[in-house]
Amino acid sequence: MIHCKSPEELARMAAANALVADILEAVSARVEPGATTADLDEYAERLVREAGAEPAFKGYRGYPATLCTSVNAEVVHGIPSRARPLVEGDIVSIDMGVKLGGFYGDSAVTVPVGRVAPATVRLLEVTREALWAGIAEAKAGGRVSDIGHAVQTVVEAHGFSVVREFVGHGVGRSLHEEPQVPNYGRPGRGARLVEGMTLCIEPMVNMGEAGVEVLGDGWTAVTRDGSLSAHFEHTVAIATDGPRVLTLPRAEREAASPRAAAGGA
Ligand code: MF3
Ligand code: CO
């Protein structure tokens with residue numbers, strides 16, 4: 001069943017997701033050569049708890065951390081670690097969910113470490129562009145697969161490939177609700193999109209082939225061909241006037257709607 005949210009529920013969703021956006025910004029600012037993903041995770045968990053929220057991933061099916069930190073050929077679900085400090089030229093996907101006021105927020109960004117190669121910059125740009133193409137389809141009257149079709153079209157036009165094994169999802173009182181939101185497919189299929197739905201749209205894009213495999217830790221997904229992978233995710237509410245992105249960075253939230261920026265209605 002797909003849960004549609006009332007205006008009151010959407011206000012709580014907005015608050016949880018604004019917190020996610022703020023913490024992702026703060027954590028991203030600490031990405032630099034020499035930092036470890038475990039440092040980033042500790043910082044994120046502290047900020048989540050100081051805000052009176054709970055990490056959404058920690059303990060979820062036994063996942064051990066607040067963040068998923070996926071470096072270079074890691075696609076998603078990389079476990080924060082002290083083993084290898086970040087080095088200039090790396091990219092790191094930082095994915096975080098929180099639970100606040102009974103509702104979940106979820107978002108991810110891929111951040112360059114110092115200067116990265118031009119082809120890497122392109123991968124990040126195209127993945128972000130694909131996310132926004134998907135978001136543009138998150139409007140009442142459309143169908144779920146319109147989102148994935150738009151994502152795939154952008155990605156493949158640039159010669160990159162879309163990961164099939166992991167999908168976006170509905171979100172609300174649970175981290176993962178119906179419907180699943182694949183990042184590929186033919187348009188006009190699946191559930192009809194209606195006002196009040198809240199979706200996580202999260203393309204994972206590989207520079208090389210689409211195939212992925214999961215490492216022996218049971219979590220870390222990596223590209224089979226060792227190529228770089230990027231991941232961006234926003235939580236989006238389907239509103240009367242179109243998609244409303246709940247995980248915009250603070251400056252963009254303020255520009256979009258001064259009252260909503262604090263996480264209010
Ligand atoms: N953003 C991802 C998702 O919503 C991260 C989940 S990690 C897990 O599926 F640990 F919670 F599984
Ligand atoms: Co998600």
Side-chain angles (χ1 to χ4, degrees), residues 2-3 5 13-14 16-21 23-25 27-28 37-38 40-42 44-45 48 53-71 74-81 91-100 103-111 127-128 130-132 134-135 138 144 147-148 151 162-184 197-205 212-222 229-238 243 245-248:
I2 298 178
H3 299 284
K5 281 76 184 177
M13 287 290 296
N17 281 286
L19 178 64
V20 170
I23 296 176
L24 276 186
E25 271 195 286
V27 171
S28 299
T37 51
L40 302 177
D41 187 66
E42 259 179 27
E45 181 167 359
V48 170
E54 280 170 44
F57 303 164
K58 200 169 187 170
Y60 181 89
R61 299 191 181 181
Y63 186 76
T66 295
L67 301 179
C68 296
T69 52
S70 308
V71 179
E74 296 172 358
V75 178
V76 285
H77 304 166
I79 300 172
S81 147
I91 53 174
V92 56
S93 150
I94 304 173
D95 186 355
M96 190 184 74
V98 306
K99 188 179 190 185
L100 178 69
F103 286 85
Y104 285 92
D106 186 8
S107 182
V109 289
T110 300
V111 182
T127 308
R128 199 193 294 269
L131 168 58
W132 279 97
I135 289 169
V144 169
I147 296 170
V151 169
V162 158
V163 171
R164 268 58 167 183
E165 284 82 352
F166 302 97
V167 297
H169 50 94
V171 62
R173 289 186 191 274
S174 303
L175 177 61
H176 295 135
E177 297 185 353
E178 288 181 46
Q180 295 198 353
V181 185
N183 294 297
Y184 63 94
M197 282 185 187
T198 45
L199 303 175
C200 293
I201 304 177
E202 48 178 321
M204 291 139 271
V205 176
V212 304
E213 61 195 16
V214 175
L215 298 184
D217 62 18
W219 283 103
T220 312
V222 298
S229 188
H231 175 217
F232 287 86
E233 173 178 20
H234 275 310
T235 295
V236 181
I238 297 176
V245 181
L246 301 181
T247 40
L248 289 176

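Both ligands and their constituent atoms are indexed starting at 1 by order of listing.
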Which of the ligand 1 atoms, numbered from 1, are nearer than 4.0 Å to a heavy atom of [X]:
| X | value |
| --- | --- |
| Trp219 | 10 (F), 12 (F) |
| Tyr63 | 10 (F) |
| Asp106 | 1 (N), 3 (C), 4 (O) |
| Glu202 | 1 (N), 2 (C), 3 (C), 4 (O), 9 (O) |

message = Side chain, backbone, both or neither: which applies to Ala108 and ligand 1 if a contact is any heavy-atom pair less than 4.0 Å apart?
response = neither
key: Which segment of Val76 sits under 4.0 Å of ligand 1 when only heavy atoms are counted   = neither
message = With a 4.0 Å cut-off on heavy atoms, is Phe166 in contact with ligand 1?
response = no
message = Check contact between Cys200 and ligand 1, using heavy atoms of the residue and a distance below 4.0 angstrom.
response = no
ask   = Less than 3.5 Å between some nitrogen or oxygen of His77 and one of ligand 1, yes or no?
value = no
ask   = So is there a nitrogen or oxygen of Tyr60 less than 3.5 Å from a nitrogen or oxygen in ligand 1?
value = no
Please check if the side chain of [X] supplies one atom and the backbone of [Y] the other of a donor-acceptor pair under 3.5 Å.
| X | Y | answer |
| --- | --- | --- |
| Thr110 | His231 | yes |
| Asn17 | Asp106 | yes |
| Thr247 | Thr235 | yes |
| His169 | Leu175 | yes |

[atom]: which protein heavy atom is closest, and how many Å away?
| atom | answer |
| --- | --- |
| atom 2 (C) of ligand 1 | Asp95 OD2, 3.2 Å |
| atom 7 (S) of ligand 1 | Cys68 SG, 3.6 Å |
| atom 3 (C) of ligand 1 | His176 NE2, 3.2 Å |

task = Tell me the protein N, O or S atoms under 2.8 Å from the Co ion (ligand 2), in chain and number order.
result = Asp106 OD2, His169 NE2, Glu202 OE2, Glu233 OE2
ask   = Out of His231, Glu233, His169, Met204, whose heavy atom is nearest to atom 4 (O) of ligand 1?
value = His169
ask   = If every non-hydrogen atom of Gly105 is compared with every non-hydrogen atom of Ala16, which pair is closest and at what distance?
value = N-CB, 3.9 Å
note = Note: Ser174 and Tyr104 closest approach over all heavy atoms is C-CD1, 3.4 Å
query = Around Arg164, counting heavy atoms of other residues, nucleotides and ligands shown, do more than 12 lie under 6.0 Å from its CZ?
reply = yes
key: All ring-ring contact (aromatic ring centres under 6.0 Å, His included) counterparts of Phe166, not counting sequence neighbours   = His77
Any residue meeting ring-ring contact (aromatic ring centres under 6.0 Å, His included) with Trp132, in chain and number order, not counting sequence neighbours = His234
task = Working to the nearest 0.5 Å, report the span between CD of Glu202 and CZ of Phe232.
result = 13.0 Å
Distance in Å, Leu40 CG paired with Met96 CE, rounded so as to fall on 0.5 Å steps = 12.0 Å
message = Tell me every residue that passes salt bridge (charged side-chain N to carboxylate O under 4.0 Å, His left out) with Glu42, counting only those two or more places apart in sequence or in another chain.
response = Arg82
request  = Determine whether Val163 and Val76 make a side-chain contact, defined as any pair of heavy atoms from C-beta on separated by less than 4.5 Å.
outcome  = no
